[in-house]
2 protein chains.
Amino acid sequence: MSDSYHHGNLRQALIDAGVKIINENGEENLSLRKVAALCNVSHAAPYSHFKDKDELVEAIKAHVTGQFMTELEKAVSDAPSSEKALVDMGRNYVAFFMRRPDYFKFLFSGQNIVAHIQPGKEHPEDYPPFVLLKETYLKYLSENKIPRTEEEQEVDILKLWASAHGLASIACMSGVEVSFDWEKKISTDELLR
Amino acid sequence: MSDSYHHGNLRQALIDAGVKIINENGEENLSLRKVAALCNVSHAAPYSHFKDKDELVEAIKAHVTGQFMTELEKAVSDAPSSEKALVDMGRNYVAFFMRRPDYFKFLFSGQNIVAHIQPGKEHPEDYPPFVLLKETYLKYLSENKIPRTEEEQEVDILKLWASAHGLASIACMSGVEVSFDWEKKISTDELLR
DNA sequence: CACGCATCTTTACACTGTCAAGATACAAGC
DNA sequence: GCTTGTATCTTGACAGTGTAAAGATGCGTG
């Protein structure tokens, strides 16, 4: 049961509480003490599971990134071709953060994203959403037998990522207005790719 | 003179101190009290000039945005054509923040950028760098007599902005590695446009 | 000269992250 | 079963933060 604290699943409960606070009160209201209070636990209890506030935040980010990933993976698995998958990934990338602007600010306000653009130079700590984009792009190349130098590939990957990420960023800055239905427009693939 | 505090230029001194802190100790070390201390003034003195910490931060942002703007304006005035101006603006956009990653996090960690994409729907509070991009793009259209519907124009503007902004954002996330010389590559216009 | 007002200081408060010391309770060994 | 140990949680404290109220200071205007 969930009332048997003092042992069990406090670590996960703290992460969930953090996500809840971000969703309900915004990223700027996330604090160690509030997270602890939400779990009915003293303000120093989190230190048994995380050495830092940063370590808690990092765990919450990993959790949110997980949700983000399932959204992107759905785009890939639902797409009939790898070309469509690429475009749909971008669409879901932007749509995810339009639905939860606080997640964007939370995930990318720090500076800890690691990513190796160069094909073949993967790294275990690479940011998972980026890895998926890279894989999908490479599959697109090989499926369609498109010849591309390594440097051209790097540029392509960077452009794909940047356009989706930049669009998401702009969409999350509260006062940016477009005349058309933004989400609808994105789904017609005119903005991405 | 600058020693005659207690009257004079405290407001501007606070802004300059804020910029200095961001440059030397990073955006996360910016605090009202440190800014006040740097000006040899009590910790509550800023409240005579700003109602909030937010209002101070907003003033500092405006100051930094000013530096950013002169960088972009230089690209426009130095370019022989409006087409070249567009590309160079993007290049300077990214280069500026690559030189000062802390400025990027500082400027865009909040959510107060206002921008009206639709041509003809300008607003006095629109983000100046965006306004310049929009103007340059429209000049490019008219100079080259390129026919474009209003919605197509919106999409173009958004794509231009998003690619530059996304590239800057990615470049500012510490662990993103490319095999080529990033700044050099950007200046060859292969990434932007 | 006196008044008023903008500016700055002092003091206080709630909230934050962090740490040290102690309490609690489960698991393992005898 | 009882003791011991260790992971977990509590309590209390401290420095740093933003903010508000109250008082001090000194300039310009009447």
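Every value quoted in this text rests on a predicted model; they were computed, and no experiment measured them. Numbered from 1 within each chain, the chains take letters A, B, ... in sequence-line order.
- D:dG18 atom C1' lies 12 Å from atom CG of B:Leu56, rounded to whole Å.
- The side chain of A:His43 contributes no N or O atom lying less than 4.0 Å from OP1 or OP2 of C:dT18.
- Between A:Lys51 and the phosphate of C:dT18, there is no side-chain N or O to OP1/OP2 separation shorter than 4.0 Å.
- Ion pairing between A:Arg91 and A:Asp88 holds under the 4.0 Å rule for side-chain N and carboxylate O.
- For A:Leu10, the side-chain atoms get nearest to D:dC9 when compared with the rest of C:dT9, D:dT19, D:dC9.
- Counting non-hydrogen atoms under 4.0 angstrom, B:Ser31 reaches the backbone sugars and phosphates but no base.
- Atom-to-atom distance recorded for B:Trp161:CH2 and B:Leu133:CG is 8.5 Å, nearest 0.5 angstrom.
- The side chain to side chain donor-acceptor pair (under 3.5 Å) contacts involving residues 54-72 of chain B comprise B:Glu71-B:Arg99, where partners must be two or more places apart or lie in separate chains.
- The residues B:Asp102 and B:Lys105 are annotated as salt-bridged, a charged nitrogen and a carboxylate oxygen being separated by less than 4.0 angstrom.
- Listed nucleotides: D:dC9, C:dT18, C:dT9. Nearest to the side chain of A:Val41: D:dC9.
- A donor-acceptor contact under 3.5 Å links the side chain of B:Arg33 to the base of D:dG18.
- A straight line from NZ of A:Lys53 to P of D:dA15 spans 21 Å, rounded to a whole angstrom.
- Distances shown here put every side-chain N or O of A:His49 at or beyond 4.0 Å from the OP1 or OP2 atom of D:dA7.
- Distances were taken from every side-chain heavy atom of A:Ala44 (C-beta onward) to each of C:dT18, D:dT11, D:dC9; the shortest belongs to D:dT11.
- Nucleotide C:dT16 holds its C1' atom 15 Å from the CG atom of B:Asn29, rounded to whole Å.
- The residue from B:Asn112, B:Ile113, B:Val114 that alone fulfils the side-chain contact (heavy atoms from CB on, under 4.5 Å) condition with A:Met173 is B:Ile113.
- Here the P atom of nucleotide C:dC8 and the CG atom of B:Leu14 are 8 Å apart, to the nearest Å.
- The phosphate of D:dT19 has OP1 or OP2 within less than 4.0 Å of a side-chain N or O from B:Tyr47.
- In this structure, B:Lys34 atom NZ and D:dT17 atom C1' are separated by 9 Å, rounded to whole Å.
- For A:Leu32 and C:dT18, the CG to P distance is 6 Å, given to the nearest whole Å.
- Side-chain nitrogen and oxygen atoms of A:Ser48 include none within less than 4.0 Å of the OP1 or OP2 phosphate oxygen of D:dT8.
- Atom CD of B:Glu28 and atom P of D:dT17 are 13 Å apart (whole Å).
- As a whole-Å value, the separation of B:Glu58 CD from D:dG18 C1' is 17 Å.
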